[in-house]
> 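I have a structure I would like to understand better, so I am pasting it below and will then ask my questions one at a time.
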There are 2 protein chains.
Amino acid sequence: MATIKDVARKAGVSTATVSAVMNDTAFVSPELRARVVTAIRELRYEPSLAARNLRRNRSQLIALAVADLSNPFYARIVWSAEAAVAAWGYSLVLFNSDEKPDTERRILSRIRTLGCDGMVLVPVGAANQYQPHEFDGIATVLLGRSIEGNSADTVTIDNREAGRQAADYLLDLGHRRIGSITGPMQLSTSKGRLDGMIDAMAARGLAPQPGHIRSGEFREEAAYSVARDMMGSPDRPTAIYVANGVMAIGVMRAVADLGLRCPQDISIASTDTVAGAGGLKPRLTRTEHPIADMTNEALRLLVDRIEERVSEPVRSIVFQPALIVGESCMPLRENAG
Amino acid sequence: MATIKDVARKAGVSTATVSAVMNDTAFVSPELRARVVTAIRELRYEPSLAARNLRRNRSQLIALAVADLSNPFYARIVWSAEAAVAAWGYSLVLFNSDEKPDTERRILSRIRTLGCDGMVLVPVGAANQYQPHEFDGIATVLLGRSIEGNSADTVTIDNREAGRQAADYLLDLGHRRIGSITGPMQLSTSKGRLDGMIDAMAARGLAPQPGHIRSGEFREEAAYSVARDMMGSPDRPTAIYVANGVMAIGVMRAVADLGLRCPQDISIASTDTVAGAGGLKPRLTRTEHPIADMTNEALRLLVDRIEERVSEPVRSIVFQPALIVGESCMPLRENAG
DNA sequence: CCCTGATAGCTAATCGTTTCGCTGAAGTCT
DNA sequence: AGACTTCAGCGAAACGATTAGCTATCAGGG
């Protein structure tokens, strides 16, 4: 592995000159430049990032820590993030906290040791689980979920509005007994979506039955068992709002396994679709997030911070959901059968 | 950000001692050790990987370069790889070559500059596009696809067997006019799967019609248009073998858009299912790969190399596919309608 | 009591860059 | 012609760790 010294020796110049050529950081006469370039090519010199970073105190690394890599929603974020990170000239270090606060803690420490220039974090813990020092010294953008009281930039969606839109749609179809299967209540996403749904019902003088509101892990299996339980009872809801795409798959599976039909027997709406579910039948009625836009925006904010073109102290960007009507919901009156 | 010197000063010892404590690399008396540990805790010292790596010439980084991050198949690999990499004490740097050899070339160079200790590569180019020097000095495992003549360890599936299994299944159902939509022919995966299918047909004295064999990019859109074209013609095949899961979705969409029904009008089988397609209706008949096992195995081989517990010169592990019967195929005689 | 051997812990060199400050040749002005 | 600028290019000091090699201390044997 050739070093800058080898190049300098071969080209008959100092290492400073080689560095100047590499980084275009000072004028170098055409002759010298040519000699250096030749030497670089012949020796196949590639600068050592370790050395450069030690000196510059930069790493060219951006960390992305997502909550659950098995969830296509996050897989989609990873995809967008990789592209954005590369476009900004960084490399992506990927972590999966698997919805476990302890794992997340280890990840944060690892990100620090790696000297990542910045990180995009989908936080998994409750607000009070974070120590302020876990964030200082490293540019941070929170994605999708926020941490109350934290001073990092955030990019989120309007969860409350998402819940409201989905519930309004179901209400417009005439449903009155609407249930919800949502994620862990300490997460801003779960809580916001549920609150939005309750808002929408309250606006029409309604409230969900207590037994029709259930929360659990953001996973297919969790949703499956909760749904089986809720749907098995005689006073089951006529429509259900599921807080995320993976859970919606679980719910549909539960419905099918109980011998119920969707949408004839039960209407299902959700928030956050799962990639590749284009083939899911019936197609889910859901509110969608502009995942790629959100991710790009998160990285723009992050790079802004890293490169210190900082404007305001804390920036929060909220994306609005859009309702996509599929085939998983029907008007109530036709539910008689 | 505290450095080792700060810790040494605070604990009243030399940096060498701090280093010894950190790495447990020499005996340190209990008293000193205690002082050092306290100082480390109080200063919240975390060693700089950049400095350590410069010195040790290691980076604790493993690169994963996949061919197409938008493909759930690779998303699944990413998921498994992140877990395996973390379990071995490394961090994962993720790249997406997007099936573009040029991008892949840039990635290889980047991996080199980053000083990654090793890489897992899903190669996208033809064998002759690789220069030997792009691989030397960095431990490499090729995953899923191989490069002829390359001396890296490989973990692949038996593509030929996968094609054979799928085709045999269709043949057993009585199909004779079987077509195939496959990926780029310079890739070992595409070629192997097609060869397997041809093998199976040849074993029964059959051969596919030339117009029934089409290749294109490993993407949904590509498959969609090729399928529309092939299915539109009057002598269309009665069954079709699609070389990958994402393409299968495109084919199913094309079939539906042409007003054809699957499996009544056409049987579809594929290799490599897409995660989350559990909800796809009808469920795809396909050969599946043990993705997690393959990925784990790839990382085991890689870490072996990195940590120089090398056994044989080159190791190749081939996984066998398994046929999973869904609902997307029917016996030929019932195709009359 | 001195010499030896063992060893805890220190000093300083080193990894491969970047970058500050310097040198000295060439150019400009009076 | 002398003094002053300019600036291409160089030398060497960082950056923060690891580690080879050394020093000093101490115990034990002769």
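Keep in mind that this is a model prediction, so the values were computed, not measured. First the proteins, then the strands, lettered A, B, ... as listed; each starts at 1.
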> To the nearest Å, how far apart are B/Arg35 CZ and C/dG9 C1'?
11 Å

> Find the distance B/Leu114:CG to C/dT17:P and express it as a whole number of Å.
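About 14 Å, once rounded to whole Å.
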
> Have a look at B/Val18 and say if it touches a base, only the backbone sugar-phosphate, or nothing, with a 4.0 Å heavy-atom cut-off.
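Contact class for B/Val18: none.
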
> Expressed as a whole number of angstroms, how long is the span from B/Ile4:CD1 to C/dG9:C1'?
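The answer, rounded to whole Å, is 14 Å.
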
> Does C/dG9 have OP1 or OP2 under 4.0 Å away from a side-chain N or O of B/Ser29?
yes

> Taking donor-acceptor contacts at under 3.5 Å, does the side chain of A/Arg55 reach the base of C/dT18?
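Per atom types, the contact qualifies.
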
> Just to be sure I understand the rule, does B/Thr3 reach a base, reach only the sugar-phosphate, or reach nothing, if contact means heavy atoms closer than 4.0 Å?
sugar-phosphate

> When you check the phosphate oxygens OP1 and OP2 of D/dC10, does a side-chain N or O of A/Ser14 lie under 4.0 Å from one of them?
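Indeed, a polar side-chain atom of A/Ser14 lies that close.
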
> Using a cut-off of 4.0 Å on non-hydrogen atoms, how would the nucleic acid contact of B/Asn57 be classed: base, sugar-phosphate, or nothing?
nothing

> Heavy atoms only, 4.0 Å cut-off, all strands: where does A/Asn53 land among base, sugar-phosphate and nothing?
nothing

> Tell me if the CG atom of B/Asn57 is crowded by more than 12 foreign heavy atoms within 6.0 Å.
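12 or below, so no.
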
> For A/Thr15 and for B/Ser48, find the nucleotide of DNA chain D with the closest heavy atom, then tell me which residue's nucleotide is more 5'.
A/Thr15

> Write down the distance between CZ (A/Arg9) and P (D/dG9), rounded to a whole number of angstrom.
20 Å

> Could you check how far CD of B/Gln60 sits from P of D/dG16, rounded to whole Å?
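Distance, rounded to whole Å: 19 Å.
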
> Rounded to the nearest angstrom, tell me the gap between atom CG in B/Leu54 and atom C1' in C/dA13.
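Roughly 13 Å, once rounded to whole Å.
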
> Would you call the rings of A/Phe135 and A/Tyr130 parallel, tilted or perpendicular, taking 30° and 60° as the class edges?
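Tilted: the ring planes of A/Phe135 and A/Tyr130 meet at 30° to 60°.
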
> Rounded to the nearest 0.5 Å, how far apart are CG of A/Leu32 and OG1 of A/Thr17?
6.5 Å

> Mind checking if B/Leu49 touches a base, just sugar-phosphate, or nothing, with heavy atoms under 4.0 Å?
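Contact class for B/Leu49: none.
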
> Need one value for A/Thr17: base, sugar-phosphate or nothing, where a base atom within 4.0 Å counts as base even if backbone is also close, heavy atoms only.
sugar-phosphate

> A/Ala51 has a side chain; which of C/dT17, C/dG9, D/dA17 sits nearest to it?
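Per side-chain heavy atoms of A/Ala51, the pick is C/dT17.
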
> Could you say whether B/Val13 or B/Arg56 is positioned toward the 5' end of DNA chain C, judged by the nucleotide with the nearest heavy atom to each?
B/Val13

> When the distance from CZ of B/Arg52 to P of C/dG16 is rounded to whole Å, what number comes out?
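That distance rounds to 18 Å.
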
> Rounded to the nearest Å, what distance is computed from the NZ atom of residue A/Lys5 to the P atom of nucleotide D/dA12?
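Roughly 13 Å, once rounded to whole Å.
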
> Of all heavy-atom pairs between A/Ser19 and A/Ile4, which one has the smallest distance, and what is that distance?
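Reported closest heavy-atom pair: N-CD1, 3.9 Å.
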
> Measuring from atom CD1 of A/Ile107 to atom CG of A/Leu94, what distance do you get when rounded to the nearest 0.5 angstrom?
9.0 Å

